[in-house]
There are 2 protein chains.
Amino acid sequence: MNKRQPITIKEVAEKAGVSQMTVSRVLNKQNLVKESTREKVEAAITALNYRPNLMARGLAGGRSKLLGLAYYNPSPSYLSALVVSALKHCRDLGHHLVIEDLSDIEDGLDTAIILKRLSSIQLDGLILAPPLSGNSKLLELIQDIGIPTVLLGSTDSRFKQSSVVFDDAAAAYTMTGHLIELGHTRIGFIRGPHELPWSRMRQEGYEKALVDNGIEIDKALIVEGDFTFRSGMHGGDALLGIQDRPTAIFASNDDMAAGVIAAAQRRAIQIPKELSVVGFDDTAIAAAIWPRLTTVRQPIAEMAQASVDIISNVTAEGWNGQPVRMVNDSIHIIERESLGPPA
Amino acid sequence: MNKRQPITIKEVAEKAGVSQMTVSRVLNKQNLVKESTREKVEAAITALNYRPNLMARGLAGGRSKLLGLAYYNPSPSYLSALVVSALKHCRDLGHHLVIEDLSDIEDGLDTAIILKRLSSIQLDGLILAPPLSGNSKLLELIQDIGIPTVLLGSTDSRFKQSSVVFDDAAAAYTMTGHLIELGHTRIGFIRGPHELPWSRMRQEGYEKALVDNGIEIDKALIVEGDFTFRSGMHGGDALLGIQDRPTAIFASNDDMAAGVIAAAQRRAIQIPKELSVVGFDDTAIAAAIWPRLTTVRQPIAEMAQASVDIISNVTAEGWNGQPVRMVNDSIHIIERESLGPPA
DNA sequence: GTGAAAGCGCTAACAG
DNA sequence: CTGTTAGCGCTTTCAC
């Protein structure tokens with residue numbers, strides 16, 4: 001019968017004829033070990049098929065090699081992109097990814113439970129996905145626990161947490177400009193929920209692009225959604241129902257854009273001939289509908305990877321204590337079939 | 001400055017005027033503690049805001065409260081459904097979910113790396129998502145490590161691992177029967193990759209339904225995909241290009257069905273008037289395209305939850321040592337707009 | 001019912 | 001460069 005973790009550092013040490021400490025040093029890649037000793041130890045490790053016990057390391061050293069990724073109610077495609085990318089990078093860095101569902105926090109921000117979960121498992125660091133990264137109560141809580149944290153898609157200067165952000169406003173500006181270049185002037189916009197900063201930023205970009213191009217902002221062309229397919233469909237319905245309907249609709253995320261396309265298809269409006277639809281994010285759904293969605297790419301994978309890197313650095317020795325704030329400014333419009341010049 | 005985990009069991013014990021052991025017993029809900037003592041201890045725990053250290057518990061007791069969820073290359077919607085559901089249930093049971101990306105195993109089955117990752121982190125149990133759960137080399141490996149494992153969507157009697165499966169063949173049979181009832185007789189089928197058992201099972205169900213209804217199997221109506229949107233589009237193109245094209249297409253999963261719909265829309269074939277399309281799984285994409293997909297629901301959430309339960313039981317005391325094999329037989333067809341009677 | 005002692009496997013802080 | 005000595009915070013085992 002295989003026991004759980006039969007080989008310990010002690011046995012490796014004996015086999016290699018050194019002390020446990022030396023083995024430990026080899027394990028932790030400290031370079032104060034003589035080459036010949038290191039080789040002996042490594043041989044012993046391989047021979048015995050030794051695997052260090054993470055729990056023991058965590059207890060003794062304070063570093064658990066565990067990174068947390070907390071989310072709340074994400075769109076499926078966003079979540080998978082995030083998880084897959086973060087995970088790949090964790091693997092490369094020898095970390096493990098623990099996923100935490102913080103959905104409780106809406107039911108009255110149950111701080112007790114969150115604190116309990118987050119502080120009992122010795123996380124080396126925590127990545128907060130939107131919209132959690134914009135919840136200042138939560139940020140404060142987490143800062144108190146003292147876990148190094150990276151905010152994805154949001155910064156809050158009141159806290160000393162690192163962040164990786166994307167310039168949503170600039171991206172929305174670029175996309176809107178692109179629509180205008182093609183000749184659209186009546187451009188509908190489906191914004192996100194008003195309480196989220198991303199909603200605001202994307203709308204700002206949209207409005208600024210209109211203004212900069214001498215197009216008046218028409219409030220009748222702006223409706224609010226909640227980033228779901230359903231709400232996009234409703235929003236699209238509303239915009240397509242008005243007199244003198246828009247020739248293009250820019251939805252603040254891909255799910256809503258897919259909803260707009262659905263709404264148009266129900267009314268037998270041809271895309272892009274009679275109506276252009278563009279989205280935001282370039283998640284999986286953008287390429288999984290027809291016509292495929294023209295959209296601004298949000299570099300989710302890159303941002304996830306950057307977050308892992310930051311935590312890795314912050315956790316390492318010799319960190320200066322300053323939060324790292326990173327801005328990803330790669331704005332790309334992915335051209336597909338849902339966009340064309342106005343009729 | 002907040003230190004990491006300042007309060008220990010020792011301080012709780014002092015405050016409550018008992019020994020560490022008693023606190024430990026309260027923590028682990030062992031019922032050999034006097035009611036009054038328990039209350040004292042619980043009061044101290046709350047007062048000090050004590051959180052047990054998972055690492056220490058894992059080291060001392062051998063139970064880490066960590067469950068692993070391993071996947072390989074999943075479709076985004078499947079992965080999120082899985083993760084979200086497993087997570088919710090973990091939370092209820094006080095476990096944490098560690099996600100592992102085992103994608104390496106295609107590059108020549110790098111057993112060394114997988115073993116290393118899996119055995120150094122003391123997982124209480126492991127959930128293997130498809131298609132990993134069908135990889136017998138991997139199963140053997142994992143059995144050797146000795147982690148209690150639940151296979152999702154697959155069983156292998158050669159190993160003593162538990163499993164939660166869905167009757168894919170029956171579901172495909174039901175769906176095909178439904179199409180036939182509506183009057184379809186030329187039903188195209190897009191199967192999955194031939195190396196996966198699910199592909200085979202779904203095809204079996206499809207073929208059996210045809211035969212049972214006196215319809216001859218026409219190999220020209222069966223094409224192979226790889227469960228991606230792209231491959232569904234190609235498969236759809238192929239099926240729509242033949243003489244006397246099918247009046248309905250049954251794709252072995254939703255992503256491929258979405259691809260078929262896209263292919264049809266490109267050819268301006270109206271759905272469901274001229275062509276019915278049905279899928280399999282009922283993942284998020286099914287309701288996020290237009291027309292929305294009629295599909296057989298695979299109870300991913302329920303199965304994930306069951307897996308967590310099984311591991312929880314298997315990990316607990318007093319388990320009889322027998323693998324648990326569970327079959328989920330709730331087959332539901334979700335009716336949406338992509339299906340109608342033949343023209 | 002409860003407590004004391006002895007580690008779990010590893011690393012920090014010092015010696016040498 | 002390497003070894004020794006102490007724990008990390010908790011649970012186990014065995015007394016009382």
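Model, not experiment: these values are computed from the prediction. Below, chains carry the letters A, B, ... as their sequence lines are ordered, and counting in each starts from 1.
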_5' precedence on DNA chain C between Val33(B) and Gly61(B) (nearest-nucleotide basis)_ =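 Residue closer to the 5' terminus by nearest nucleotide: Val33(B).
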
Nearest whole angstrom, please: distance from the [atom2] of [N] to the [atom1] of [X].
X	N	atom1	atom2	result
Ile9(A)	dG9(C)	CD1	P	11 Å
Gln30(A)	dC1(D)	CD	P	13 Å
Asn53(B)	dC8(C)	CG	C1'	13 Å
Gln122(A)	dT11(C)	CD	P	16 Å
Glu14(A)	dG3(D)	CD	P	13 Å
Met55(A)	dG7(D)	CE	C1'	19 Å
Ile7(A)	dC10(C)	CD1	C1'	16 Å
Arg25(A)	dA12(C)	CZ	C1'	10 Å

To the side chain of [X], which of [options] is closest?
X	options	result
Thr8(B)	dG3(C), dC10(D), dT11(C)	dC10(D)
Met21(B)	dC10(D), dT11(C), dG3(C)	dG3(C)
Val18(B)	dG3(C), dG9(D), dT11(C)	dG3(C)
Thr22(B)	dG3(D), dG3(C), dC10(D)	dG3(C)
Lys34(B)	dT11(D), dT2(C), dG9(D)	dT2(C)
Ala60(B)	dG9(D), dA13(C), dT12(D)	dG9(D)

Between [N] and [X], is there an OP1 or OP2 to side-chain N/O distance shorter than 4.0 Å?
X	N	result
Ser24(A)	dT11(C)	yes
Thr37(A)	dT2(D)	yes
Arg38(B)	dT2(C)	no

*For the pair Ser163(B) (side chain) and Val165(B) (backbone), establish whether a donor and an acceptor sit closer than 3.5 Å, ignoring hydrogens and angles.*
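Judged by distance alone, no pair lies under 3.5 Å.
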
*Side chain of Ser75(A), backbone of Tyr78(A): donor and acceptor closer than 3.5 Å?*
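Checked: pair present.
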
*asked:* Using the rule given for side chain to side chain contact (heavy atoms under 4.5 Å, CB included), can you reason through Phe159(B) versus Glu140(B), listing the C-alpha separation, both sets of side-chain angles and the distance that settles it, and then say yes or no?
replied: CA-CA 7 Å; Phe159(B) 305 106; Glu140(B) 199 180 330; 3.8 Å; yes

*Does a donor on one side chain and an acceptor on the other come within less than 3.5 Å for Thr155(B) and Arg325(B)?*
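Short answer, no.
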
*asked:* With rounding to the nearest 0.5 angstrom, report the CG to CE distance, Asp309(B) to Met303(B).
replied: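 One finds 13.5 Å between CG of Asp309(B) and CE of Met303(B).
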
